[in-house]
Novice: 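Got a structure for you, questions after.
Just so it is clear: chains get the letters A, B, ... in the order the sequence lines come, proteins before strands, and each one is counted from 1.
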Amino acid sequence: MSRYQEFFQGLRDMLPMLLGAMPFGIIYGSLAGAAGLDAWQTIGMSVLVFAGSAQFIAVSLLTGGATLAVLWLTTLVVNLRHALYSATLQPFVRHLPKRWRMPLAFWLTDEAFAVVQQRYARSDDSPNKHWYFLGAGLAMYGNWIGCTLIGLLFGQAVPNLAAWGLDFAMIATFVGIVVPMLRNRPQIAAALVAAVTALIFHDLPYKLGLMAAAFAGIVVGVALERYQRPLQEELC
Amino acid sequence: MDNWILIFGMLAITFATRYSLFAFPDLRFPQAVRQALHYVPTAVLTAIVVPAMLLPDGRNWALSWDNAYLLAGLATIAIAVVTRHLLATIGGGLLIFFGLRWALGQLPI
């Protein structure tokens, strides 16, 4: 595919994810004021940081009067999973010059990662897959900034916006990403172990339970894959 | 002013995690690491979703019939298994969730 085809395919494949991210951008835009961010800072955080969960947690911690050190540490821990995404995609972007790798890294969200790694997993050897990555990243970025703006401008018009439970959109999005990946026993086992570990450690501070769960799931997945190798990719 | 320091600090930290491995194009991972990375999306996203369904407020278990997060979450999983279609999963899941919240009188209207 040509560059433009890849770019627009990336945009298009991202559309369902945009639906899932919209409520978050809107709620963030409407809540940031209460945490003491002015309008420019609210937009500025979406433009510069571009990390939904970290922005959310920052706003709620700010409302509770947390210090800068706590806010930054929390940002780091919440975003550590992005280092795993970065490692996963590195083999596919290592041939690109820095002027590509840096912006693509900036746009590496959960959603972009899910969509882009599926593109790289397809076996065709299109040399323009990074344009797909760019399209997916920009779609998410534009959507996030636009929704922040909507929340900022109109959020106060809807009473109790936070009480609607719009955060379910994240659950629906991630379910839609994960379920199609559960194609073999090691993947299913990784999911189950990650879920149980996350539940056991849910009250650890700074989302450390999430990292523990991720590592437990990965270890079990790999162990099972090695144990199963003689049986080949057995489908269940 | 403090808020801008916060924002630029968050920018640096977030970008550092995302760029961490893109920054080293010559690094080649051993086979074991590459194998492990196949499980990253499954493990990370499941570890976010399941607690969000069972402990919607982040603290208290909500194993009950009026927990719309859990019921709609299970329905969303069912849609995903049957359709394997992302938009149907997200759209259908949201519809069921808000339908349930409405039926259970949990919407602030």
Novice: Side chain, backbone, both or neither: which part of A/L68 has an atom under 4.5 Å from a heavy atom of chain B?
Specialist: side chain

Novice: Pick one of side chain, backbone, both or neither for B/I96, based on which atoms fall under 4.5 Å of a heavy atom in chain A.
Specialist: neither

Novice: So for A/L62, is it side chain, backbone, both, or neither that comes closer than 4.5 Å to the heavy atoms of chain B?
Specialist: side chain

Novice: Can you tell which of B/I13, B/V50, B/T89, B/L55 has the highest number of heavy-atom pairs within less than 4.5 Å of chain A?
Specialist: B/I13

Novice: Quick check for you: among A/G217, A/A195, A/A190, A/A121, which has the greatest number of heavy-atom pairs under 4.5 Å with chain B?
Specialist: A/A195

Novice: If you count heavy-atom pairs under 4.5 Å between each of B/T17, B/L94, B/L87, B/T14 and chain A, which one has the most?
Specialist: B/T17

Novice: Measuring only between side-chain heavy atoms, which start at C-beta, is A/H130 closer than 4.5 Å to A/Y120?
Specialist: yes

Novice: So which of B/T76, B/I90, B/V49, B/T83 has the biggest tally of heavy-atom pairs under 4.5 Å with chain A?
Specialist: B/I90

Novice: Count the heavy atoms of every other residue, nucleotide or ligand shown that sit under 6.0 Å from CZ of B/R28, and state whether that count exceeds 12.
Specialist: no

Novice: For A/H202, does the NE2 atom have more than 12 heavy-atom neighbours from other residues, nucleotides or ligands under 6.0 Å away?
Specialist: yes

Novice: Under a 4.5 Å heavy-atom cutoff, which of A/V220, A/L108, A/L182 has the most pairs with chain B?
Specialist: A/L108

Novice: Between A/A87, A/A214, A/P180, A/S53, which shows the greatest number of heavy-atom pairs under 4.5 Å with chain B?
Specialist: A/A87

Novice: If you measure only the distance, is there a donor-acceptor pair under 3.5 Å linking the side chains of A/Q55 and A/W144?
Specialist: yes

Novice: Are any side-chain N or O atoms of A/E111 and backbone N or O atoms of A/G20, one a donor and one an acceptor, separated by less than 3.5 Å?
Specialist: no

Novice: Which bit of A/L15 comes within less than 4.5 Å of chain B, counting heavy atoms only: side chain, backbone, both or neither?
Specialist: neither

Novice: Do A/Q9 and A/R119 have side-chain atoms, one donor and one acceptor, less than 3.5 Å apart?
Specialist: no

Novice: Quick one: what part of A/R81 sits under 4.5 Å from any heavy atom of chain B, side chain, backbone, both or neither?
Specialist: side chain

Novice: Any side-chain heavy-atom pair from A/L31 and A/T63 closer than 4.5 angstrom?
Specialist: no

Novice: Picking from B/L45, B/L54, B/V44, which has the most non-hydrogen pairs under 4.5 angstrom with chain A?
Specialist: B/L45

Novice: Of the backbone (N, CA, C, O) and the side chain (C-beta and beyond), which part of A/T109 lies under 4.5 Å from a heavy atom of chain B, both, or neither?
Specialist: both

Novice: Relative to chain B, which of A/P91, A/S86, A/A198 shows the most heavy atom pairs under 4.5 Å?
Specialist: A/S86

Novice: Using 30° and 60° as the class limits, which term best fits the ring planes of A/W164 and B/F98: parallel, tilted or perpendicular?
Specialist: tilted

Novice: Could you tell me which portion of B/F22 (side chain, backbone, both or neither) has an atom closer than 4.5 angstrom to a non-hydrogen atom of chain A?
Specialist: both

Novice: Are any of the side-chain heavy atoms of B/L74 and B/M53 separated by less than 4.5 Å?
Specialist: yes

Novice: Checking heavy atoms, do the side chain of B/A12, its backbone, both or neither come under 4.5 Å from chain A?
Specialist: neither

Novice: Flag the pair A/V93 / A/F133 as yes when at least one side-chain heavy-atom distance between them is below 4.5 Å, and no otherwise.
Specialist: yes

Novice: Do B/M10 and A/N79 have side-chain heavy atoms sitting under 4.5 Å apart?
Specialist: no

Novice: Of the backbone (N, CA, C, O) and the side chain (C-beta and beyond), which part of A/F50 lies under 4.5 Å from a heavy atom of chain B, both, or neither?
Specialist: both

Novice: Side chain, backbone, both or neither: which part of A/A114 has a heavy atom under 4.5 Å from chain B?
Specialist: neither

Novice: Name all pairs fulfilling the salt bridge (Lys or Arg N to Asp or Glu O under 4.0 Å) condition that reach into residues 99-109 of chain B, sequence neighbours left out, sorted by first residue then second.
Specialist: none

Novice: Let me know if B/I77 has heavy atoms under 4.5 Å from chain A in its side chain, its backbone, both or neither.
Specialist: both

Novice: What part of A/M211 lies closer than 4.5 angstrom to a heavy atom of chain B: side chain, backbone, both or neither?
Specialist: neither

Novice: Between the side chain of A/Q41 and the main-chain N/O of A/D38, is any donor-acceptor distance below 3.5 Å?
Specialist: yes

Novice: Among B/I48, B/V81, B/I79, B/D26, which residue forms the greatest number of heavy-atom pairs with chain A at distances under 4.5 Å?
Specialist: B/I48

Novice: Looking at A/V196, A/L84, A/L199, which has the largest count of heavy-atom pairs under 4.5 Å with chain B?
Specialist: A/L199

Novice: Given 3.5 Å as the limit, does a donor-acceptor pair link the side chain of A/Y141 with the main chain of A/V47, or not?
Specialist: yes

Novice: Short question: side chain of B/T42, backbone of B/Y39 - any donor-acceptor pair under 3.5 Å?
Specialist: no

Novice: Of the listed residues (A/T75, A/L192, A/L89, A/L19), which shares the most heavy-atom pairs with chain B below a 4.5 Å separation?
Specialist: A/T75

Novice: What do you reckon, are the aromatic ring centroids of A/Y85 and A/H82 less than 6.0 Å apart?
Specialist: yes

Novice: Can you name the residues of residues 61-72 of chain B that have some heavy atom under 4.5 Å away from a heavy atom in chain A?
Specialist: B/W61, B/Y69, B/A72

Novice: Would you check if B/F97 and A/I171 make a side-chain contact, meaning some heavy-atom pair closer than 4.5 Å?
Specialist: no

Novice: Kindly indicate whether the side chain of B/W4, heavy atoms from C-beta on, has any atom under 4.5 Å from the side chain of B/F8.
Specialist: yes

Novice: If you count heavy-atom pairs within less than 4.5 Å of chain A, which of B/A32, B/G73, B/A43 leads?
Specialist: B/A43

